[in-house]
**Student:** 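Let me begin by handing over the structure; questions about it come next.
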Protein chains: 2
Amino acid sequence: MSLNSAFYENADPLLLAVDCIIFGYTPEGLKLLLFKRRVEPFAGAWSLIGSFVQRDESVEEATSRILEEATGLSHIFQEELGVFSSVNRDPGGRVISIAYYALVRIQEEDADLLALHQASWFPVDQRPPLILDHEAMVVAGLDKLRRKARYQPLGFELLPEKFTIPQLRSFYEAILQREVDQGNFRKKILAMGILEKLAEKDRASSKKGAHYYRFDRDQYDRQVQEGFDFTI
Amino acid sequence: MSLNSAFYENADPLLLAVDCIIFGYTPEGLKLLLFKRRVEPFAGAWSLIGSFVQRDESVEEATSRILEEATGLSHIFQEELGVFSSVNRDPGGRVISIAYYALVRIQEEDADLLALHQASWFPVDQRPPLILDHEAMVVAGLDKLRRKARYQPLGFELLPEKFTIPQLRSFYEAILQREVDQGNFRKKILAMGILEKLAEKDRASSKKGAHYYRFDRDQYDRQVQEGFDFTI
DNA sequence: CCAAAAGTGTTTGCGATACACCCATGT
DNA sequence: ACATGGGTGTATCGCAAACACTTTTGG
């Protein structure tokens with residue numbers, strides 16, 4: 001170890017956890033993936049999914065591990081939200097938690113896994129009471145998602161691979177919580193040059209049918225390189 | 001303890017630290033407060049100031065404690081920057097660090113304390129090599145400060161209580177790293193209605209003299225309440 | 001009276017908003 | 001043929017950017 005390990009040995013060891021706010025989206029609105037807690041205290045209550053950070057992994061790796069265990073998906077969008085560290089936040093022990101939010105396409109996760117974990121998608125504004133300070137985490141996550149979606153292309157993590165302009169507009173109406181003008185939205189988003197138009201049309205919601213588009217991440221990255229601003 | 005304490009007892013305890021990126025500002029530009037490290041490994045090298053989080057304090061409290069110990073000031077602006085948790089980031093032990101950035105008025109801190117801690121202010125673009133991953137923390141802090149100062153009134157934490165419009169403009173030129181038009185800047189910032197004009201003038205930098213102003217936080221908070229956007 | 005910085009006024013152009021209008025098609 | 005949602009075009013307003021101009025005062 002080090003030449004002066006007393007410095008390290010005199011420090012208080014703590015438990016460090018990660019809790020994940022997993023967001024999804026359907027045409028009905030934003031959703032939140034919640035889990036029935038299995039351990040005391042508060043066994044049986046609704047909770048975010050979480051885990052302790054292990055000695056041999058970084059916090060990001062712990063988050064990826066948790067997300068993959070819970071949904072069966074890897075490479076999920078994840079970003080740190082904040083540290084929750086009140087001394088008495090967890091009656092079970094002195095645990096400091098790093099909250100992450102994650103974005104998943106609701107169709108893609110493994111239904112059996114969700115059942116196994118006793119997990120359910122809730123509309124964000126109809127969420128049940130949550131354990132510990134998880135409600136505060138969700139509020140912070142919602143706030144961050146709503147702010148950030150305005151100037152970063154987070155929506156494309158939540159929508160299906162293929163989507164129509166009206167669907168994308170509905171998503172932003174849900175996020176921004178206000179109406180968005182059809183024509184202006186279409187012109188603006190297409191002018192960015194980051195959507196690839198597909199031949200296929202969606203005929204489910206109108207007789208004329210709406211063209212499907214796909215997010216072109218390479219093009220987006222190139223635009224950003226040139227100082228382009230995504231803001232909706 | 002809990003009914004199922006095995007859940008907690010089987011977890012790996014870790015050391016949690018806080019490291020502070022302390023920014024200051026002088027007319028010459030942005031400054032960074034660095035410290036000579038006293039303990040091995042890397043004793044004698046330049047470092048951010050930090051400390052382990054103790055069992056009986058939150059991470060925010062630990063940060064305030066560190067900042068007060070280092071500068072003699074309380075109620076310093078502080079905000080979390082990110083978690084640094086690579087498994088091998090610290091050869092001294094398995095330490096996960098939460099980086100905070102803090103903003104102080106350079107005149108106000110206690111000079112004796114700085115000497116006691118072997119601390120010095122460095123121009124941000126002339127900083128020495130730093131221990132561990134502190135260089136990455138500084139880069140992240142600079143990035144966050146530069147982004148955030150554009151749409152949050154962080155500048156007023158760094159400038160003296162009283163400042164002139166030209167001084168404020170110089171600050172934003174340093175932050176944004178580009179020239180800012182005099183006339184337009186003055187009109188915009190005054191139109192926000194968050195500056196209080198003082199009778200006194202600064203005659204140091206011109207014969208005509210420039211009026212001093214003071215940031216009116218109450219007015220700012222009221223404006224924000226009404227959906228006002230600060231963006232420079 | 002002139003240089004130098006503070007401070008004011010004027011013009012211009014682009015982008016956001018509002019909204020009118022045209023298109024395609026299943027019933 | 002018409003209702004319905006997709007898609008296009010156009011007028012307007014506000015505001016940021018550029019920049020010319022006026023003010024003040026010490027040397």
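Predicted, not measured: the structure shown is a model, and the values here were computed from it. Chain identifiers are assigned alphabetically (A, B, ...) following the order of the sequence lines, protein sequences preceding nucleic acid strands; residue numbering begins at 1 within each chain.
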**Student:** Nearest whole angstrom, please: distance from the C1' of dG6(D) to the OH of Tyr212(A).
**Tutor:** 14 Å
**Student:** So, are Glu61(A) and Arg65(A) salt-bridged, with charged N and O less than 4.0 Å apart?
**Tutor:** no
**Student:** Taking Asp221(A) first and then Arg217(A), would you say they form a salt bridge - that is, a charged N and a carboxylate O separated by under 4.0 Å?
**Tutor:** no
**Student:** Return a table of donor-acceptor pairs under 3.5 angstrom between the side chains of residues 183-191 of chain B and protein atoms on other chains or two or more places apart.
**Tutor:**
residue	atom	partner	partner atom	Å
Asn184(B)	ND2	Asp181(B)	OD1	3.3
Lys188(B)	NZ	Thr231(B)	O	3.1

**Student:** Once you round it to whole Å, what is the distance between C1' of dG7(C) and NZ of Lys197(B)?
**Tutor:** 9 Å
**Student:** Among dA6(C), dG6(D), dA16(C), which nucleotide has an atom closest to any side-chain atom of Lys188(A)?
**Tutor:** dA16(C)
**Student:** For the pair made of CG in Leu168(A) and C1' in dG7(D), what is the distance, rounded to whole Å?
**Tutor:** 15 Å
**Student:** Between C1' on dA6(C) and CD1 on Ile189(B), what's the gap in Å once rounded to a whole number?
**Tutor:** 17 Å
**Student:** Evaluate the criterion side chain to side chain contact (heavy atoms under 4.5 Å, CB included) for residue pair Ile232(A) and Val180(A); output intermediate values, then yes/no.
**Tutor:** CA-CA 10 Å; Ile232(A) 298 291; Val180(A) 174; 5.8 Å; no
**Student:** Applying a 4.0 Å non-hydrogen cut-off, can you work out what Ser205(B) is touching in the nucleic acid: base, sugar-phosphate, or nothing?
**Tutor:** sugar-phosphate
**Student:** Rounded to the nearest Å, what distance is computed from the CG atom of residue Leu198(B) to the C1' atom of nucleotide dA6(C)?
**Tutor:** 16 Å
**Student:** Could I get the full list of salt bridge (charged side-chain N to carboxylate O under 4.0 Å, His left out) partners for Glu79(A), not counting sequence neighbours?
**Tutor:** Lys148(A)
**Student:** Report the distance from atom CD1 of Ile232(A) to atom P of dT17(C), rounded to the nearest whole Å.
**Tutor:** 11 Å
**Student:** Over how many whole Å does the gap from Arg186(B) atom CZ to dA16(D) atom C1' extend?
**Tutor:** 17 Å
**Student:** For the pair Glu135(B) and Arg89(B), find out whether any cationic side-chain nitrogen is under 4.0 Å from an anionic carboxylate oxygen.
**Tutor:** no
**Student:** Does the protein touch nucleotides 18-27 of chain D at the base, only the backbone, or not at all? Give it as B, S and - per nucleotide, heavy atoms under 4.0 Å.
**Tutor:** BB---BBBB-
**Student:** To the nearest angstrom, how far is Phe228(A) atom CZ from dG15(C) atom P?
**Tutor:** 13 Å
